[in-house]
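Have a look at the structure below before the remarks.
A note on names: the letters A, B, ... follow the listed sequences, proteins ahead of strands, and every chain is numbered from 1.
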Protein chains: 2
Amino acid sequence: MLKNSEFVSKLRNSGLRPTKQRLKICEVLFNRDKTFHFTINDLAKNISKNFNEKISLATIYNTVHAFKDKGYLKEITISSDKSYFDTNITKHHHFYDEDTNLLIDCNDNEIGKVNIKNNITGKKISSVEVLVRVASDNQNQN
Amino acid sequence: MLKNSEFVSKLRNSGLRPTKQRLKICEVLFNRDKTFHFTINDLAKNISKNFNEKISLATIYNTVHAFKDKGYLKEITISSDKSYFDTNITKHHHFYDEDTNLLIDCNDNEIGKVNIKNNITGKKISSVEVLVRVASDNQNQN
DNA sequence: CATTTAGTTTAGAACTATTATAAATTAGTT
DNA sequence: AACTAATTTATAATAGTTCTAAACTAAATG
Ligand SMILES: [Mn+2]
Ligand SMILES: [Mn+2]
Ligand SMILES: [Zn+2]
Ligand SMILES: [Zn+2]
C-alpha cells in the first residue's frame, strides 16, 4: 500500500505532473496487493464508483497511455475489440478465462520458459508472451 | 493449388452455398502455397485488385467469419485495433514484426513445446499461443 | 507574491473497425 | 416455373479510441 506522497514523487520523477486526477488513478491502480488487469471501461467504472468527483474519459485514456509509456503499465492484447492493461509489468504469461473474460497471471512455476530456437534475422525480440485460453468443459475447442 | 470445383464441394460440405463471392474469396485465401496472414482490409484490397467485380465489405466480413466458424481460418489477436486471420489452421505460434506489421509462422523447430504445469481448476485449455514480437535493433524494448 | 508558461483536463467531435438492418438478389428445391 | 431460404449489398448503427481546442492548473520566473 503506497501512500499519496510516493505517487507524487513517482509521477514527478517521470516528468508527469501529479494532478489530482492522476493521483486518484494511481490509487485505484497501484494501491492494491494483487495485480490488476483491466480495460479502460473497467477502470472508468471503478473510478466513478469510488470517488465523488468524476474524471473525464479522455483523461483516463491519456493517463493510462502515459503510464504505459512510462512503463508503469503493460498492455495485453487478447481481443481485438478492447485493450487490456496490466499493473504487473514484469515478464509473465496469462491465462484468459473465456467464460468470465478475466486475465490471470501465470507464475513461472506454471509455464516453463519458452524456448525460442531461431529468431528472424536482423531483428531483436522485444517480447515473448504466452496466452492460454481456458473455458469450462462445455465450451467449443480451438 | 486447388481448383474451383474443390472449393465448391468444400463449401457445400460445410453447409455454405458456393456463391461466386465465396468462391472468389476462396481463391484469394486458399489458392496459394504459403500461409496467408491478413486483416479484413488486406483481403478487401487484394480482392479489388484481382477482380473486376467488387465484393461488398459486408460480404467479406460475413465470409471471413463464416470460414472462421467452419474452421477454415483462425483468428489471431495481436493488436486491439484490428483483427488478423490466418489460413494456417494448425496449432502454431507467431513472430510479429513490429516494423512491417507482418505475422510470420513459427515452425515447431523454432519454438519448443510450451510446458503448462498447472491449469486453472475446472477449466479446459482451449488454446495456447505464443507471440514473439520482434523489431529492428533500434526500436524500443518491452 | 503576481505573472507567465507549459502541461493537463475536459466535453464533445471525429475516426475506424466492426456489426446490424432490411431490401434486393440468388441458389437450391419442389 | 414457382417457391423458399440463404446470401449479398448499401447503408446505418455501434463501440472503442483518438483528436481538438478551449478552459484550467501546476510549476517556473521575476
Ligand atoms: Mn494504445
Ligand atoms: Mn470476430
Ligand atoms: Zn498480468
Ligand atoms: Zn500463422
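For D/dT9, one of the phosphate oxygens OP1 or OP2 lies less than 4.0 angstrom from a side-chain nitrogen or oxygen of B/Gln21. Between A/Tyr61 and the phosphate of D/dT18, there is no side-chain N or O to OP1/OP2 separation shorter than 4.0 Å. For B/Thr19, no side-chain nitrogen or oxygen approaches OP1 or OP2 of D/dA6 to under 4.0 Å. Listed pair A/His65 / D/dT18 meets the phosphate criterion, a side-chain N or O lying under 4.0 Å from OP1 or OP2.
A donor-acceptor contact under 3.5 angstrom links the side chains of B/Asn50 and B/Asn46, judged on distance only. Donor-acceptor pairing under 3.5 Å is recorded for the side chains of B/Asp42 and B/Thr39.
By the 4.0 Å N-to-carboxylate-O rule, A/Lys123 lies close enough to B/Asp99 to be salt-bridged with it.
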Review item, nucleotides 1-7 of chain C N/O atoms under 3.5 Å of protein N/O:
| unit_1 | atom_1 | unit_2 | atom_2 | d |
| --- | --- | --- | --- | --- |
| C/dG7 | O4' | A/Arg17 | NH1 | 3.4 |
| C/dG7 | O4' | A/Arg17 | NH2 | 3.3 |

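With a 4.5 Å cut-off on side-chain heavy atoms, A/Lys68 and A/Lys74 do not count as touching.
Looking at the side chain of B/Thr63, the nearest of the listed nucleotides D/dT8, C/dT10, C/dA17 is D/dT8.
One distance of note links OG1 of A/Thr19 with NZ of A/Lys24; it measures 10.5 Å at 0.5 Å rounding.
Residue A/Ser56 is the one, among B/Arg12 and A/Ser56, whose nearest nucleotide of DNA chain C lies closer to the 5' end (criterion: closest heavy atom). Between B/Asn62 and B/Lys82, the residue anchored nearer the 5' end of DNA chain C, judged by the nucleotide with its closest heavy atom, is B/Lys82. Remark on DNA chain D: of its neighbouring residues A/Lys20 and A/Asp81, the 5'-side contact belongs to A/Asp81, judged by nearest-heavy-atom nucleotide.
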Counting only pairs under 3.5 Å, give me each side-chain donor-acceptor contact of residues 101-109 of chain A, with atom names and distances, residues two or more places apart or in other chains.
| unit_1 | atom_1 | unit_2 | atom_2 | d |
| --- | --- | --- | --- | --- |
| A/Asn101 | ND2 | A/Tyr96 | OH | 3.2 |
| A/Asp105 | OD1 | A/His37 | NE2 | 2.8 |
| A/Asp105 | OD1 | A/His92 | NE2 | 2.8 |
| A/Asp105 | OD1 | A/His94 | NE2 | 2.9 |
| A/Asp105 | OD2 | A/Thr35 | OG1 | 3.1 |
| A/Asp105 | OD2 | A/Asn88 | ND2 | 2.8 |

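Residues of residues 38-54 of chain B having a heavy atom closer than 4.0 Å to DNA chain C: none are found.
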Set out, in order, the CA-CA distance, both residues' side-chain angles and the distance that settles side chain to side chain donor-acceptor pair (under 3.5 Å) for A/Glu98 and B/Ser126, then state yes or no. CA-CA 9 Å; A/Glu98 294 178 323; B/Ser126 55; 3.1 Å; yes
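For A/Lys54, the NZ atom counts as loosely surrounded, since its 6.0 Å shell holds 12 or fewer non-hydrogen atoms of other residues, nucleotides or ligands.
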